[in-house]
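Written out below as structure tokens is the structure these notes cover.
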There are 2 protein chains.
Amino acid sequence: MPTRSQRKIADVVKPQPLADFKVGVDNAIFSVDTAQNRLLVLLVMRQQQPFLGQWCLPGTLVRQGESLEDAAYRILAEKIRVKNLYLEQLYTFGGPYRDPREETDKVRYLSVSYFALVRYEDAELIADGVSGIAWYPVKQVPQLAFDHNEILAYGHRRLKNKLEYSPVAFDVLPEVFTLNDLYQFYTTVLGEFSDYSNFRARLLKLGFLCDTGLKVSRGAGRPASLYRFNATAFAPFKDKPLVFI
Amino acid sequence: MPTRSQRKIADVVKPQPLADFKVGVDNAIFSVDTAQNRLLVLLVMRQQQPFLGQWCLPGTLVRQGESLEDAAYRILAEKIRVKNLYLEQLYTFGGPYRDPREETDKVRYLSVSYFALVRYEDAELIADGVSGIAWYPVKQVPQLAFDHNEILAYGHRRLKNKLEYSPVAFDVLPEVFTLNDLYQFYTTVLGEFSDYSNFRARLLKLGFLCDTGLKVSRGAGRPASLYRFNATAFAPFKDKPLVFI
DNA sequence: CCAAAAGTGTTTGTGGTACACCCATGT
DNA sequence: ACATGGGTGTACCACAAACACTTTTGG
């Protein structure tokens, strides 16, 4: 067994070869279909090998001079036209053997994943005729290419955590909304989590929702007030955990 | 202005060149000096250009066949001998121009950062005579090489969050400890956050700390009970937030 | 006996839970 | 009128904050 200093010399004389990488960005793009109370994720059909014809998360390889975040926004813009969204970095998957091309190309493929939440109602999918693209209910996603099921699961977990202490919902709800809209939104993402009445009482007490005075009637029943999110009034609650639960 | 289909054709004819990457792993390694109530981070002195002679977080480039996590554990093992530790991925910094070598080498340098918490008392620094290596109080770190101050700040934030809802402290405290040890630990990382008496009452009620019956006397005063963390009893509190505050 | 550190209560206020009830509208 | 969904109120319980008090040791 070599001593530590011997090993160090050996390292200098015959240093381990470094890996060369291509870096990909894969997005887990979520939206909430408030009409049907379903949480959706955007999938695309692969057009090339490997995994030709299989569904996967929209992704791209990072170009020269492009930042990771730029790349994330670029594929997003290539797949959907959307005005309101929230996006953040998720996790980096970089093990060897995660991409079959590695064998032939002699480079490793690393994936920096991002997760995004967009407003479903005005997210217009860009179907270019050739490539398949679709919203899938998260509960019904098929087997995906690469390790994308793992990325998706990770993104879903993060989304749930994020909702509990961060006002991302308002990035994605319409400008004005009823308290029931908000409640439905939380329920579809988190599952049952609280009584409506208490949800309502808690949020109104916090005081960052402004009653616009306007009302909407949806079928039978008493018309609901429309509220607006007040970012300034929310400021004190930044990084205070569990505001919404 | 080209239409979208025109742009698409242009892309196929003259696709944007992809970036080639080397991937580094940088670790923000924390420990708590319970004797002096200081939160420490491990820094090393750079031995080569760029940033020769400047402090930075311990890092390494990823080798062929090595996973990111493997690389993170490797530099950790090169710098300190330690038995008990917690380690998780932090964030990936991958913008262009973050490493000056980029200009000459024609490759991008991407950094996947990890953060680790180790037991200070038995973390033995591996000083090989040449390279500087030292624990720095987090509040007194100097200007670091690259974007490592940013990585450190991010890691510090994560550490604080982690402590609040996750039993990482017990990965790093001795097998048995007094409630005061535990309280001091939390206080040094989080700052003042609660009355000792209430901290004590809350934790004991949760029931995952077992009184060993043993006592220690530290100077004057009544001897304190030694407690042991019971992982099984903690299980129900997994992913329940704010257990410790 | 006194100081110091550990450990126990006690009081008060706040906030969550569960549920019952009132209100406004369409049919 | 009544069903339907929106909105309000309340009784109960748990727990956090603050702080006083008791217990056990060393000197």
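Reminder, nothing fancy here: chain letters follow the sequence lines and each chain counts from 1.
- Residues in residues 203-222 of chain A take part in these salt bridge (charged side-chain N to carboxylate O under 4.0 Å, His left out) pairs, two or more places apart or across chains: Asp181(A)-Arg218(A).
- Sorted by residue number, the members of residues 199-213 of chain B with any non-hydrogen atom under 4.0 Å from DNA chain D read Arg202(B), Lys205(B).
- Remark: Gln184(B) pairs with Asn37(B), Asn180(B) by the side chain to side chain contact (heavy atoms under 4.5 Å, CB included) rule, at least two apart or across chains.
- For the salt bridge (charged side-chain N to carboxylate O under 4.0 Å, His left out) condition, no pair includes a residue of residues 129-145 of chain A, sequence neighbours left out.
- Between the side chain of Asn230(B) and the backbone N or O of Ala233(B) there is at least one donor-acceptor pair closer than 3.5 Å.
- The line from CD of Gln89(A) to OG of Ser113(A) is 7.5 Å long, rounded to the nearest 0.5 Å.
- Partner of Phe244(A) under the ring pair (Phe, Tyr, Trp, His ring centres under 6.0 Å) criterion, out of Tyr186(A), Tyr183(A), Phe185(A): Tyr186(A) alone.
- Place Tyr227(B) and Phe193(A) on DNA chain C by their nearest nucleotides, and Tyr227(B) ends up nearer the 5' end.
- When only modelled atom types and interatomic distance are considered, Ser31(A) and Arg119(A) share no side-chain donor-acceptor pair under 3.5 Å.
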List the atom pairs, with distances to 0.1 Å, where a side-chain N or O of residues 160-171 of chain A and a protein N or O form a donor-acceptor pair under 3.5 Å, not counting sequence neighbours.
residue   : atom : partner  : partner atom : Å
Lys162(A) : NZ   : Glu88(A) : OE1          : 3.1

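- Between dA5(C) and Tyr196(B), no contact under 4.0 Å exists linking OP1 or OP2 to a side-chain N or O.
- At dA5(C), none of the side-chain N or O atoms of Asn180(B) fall inside 4.0 Å of OP1 or OP2 (strictly under the cut-off).
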Protein proximity profile, nucleotides 18-27 of chain C - base contact B, sugar-phosphate-only contact S, no contact -, cut-off 4.0 Å on heavy atoms:
BB---BBBS-

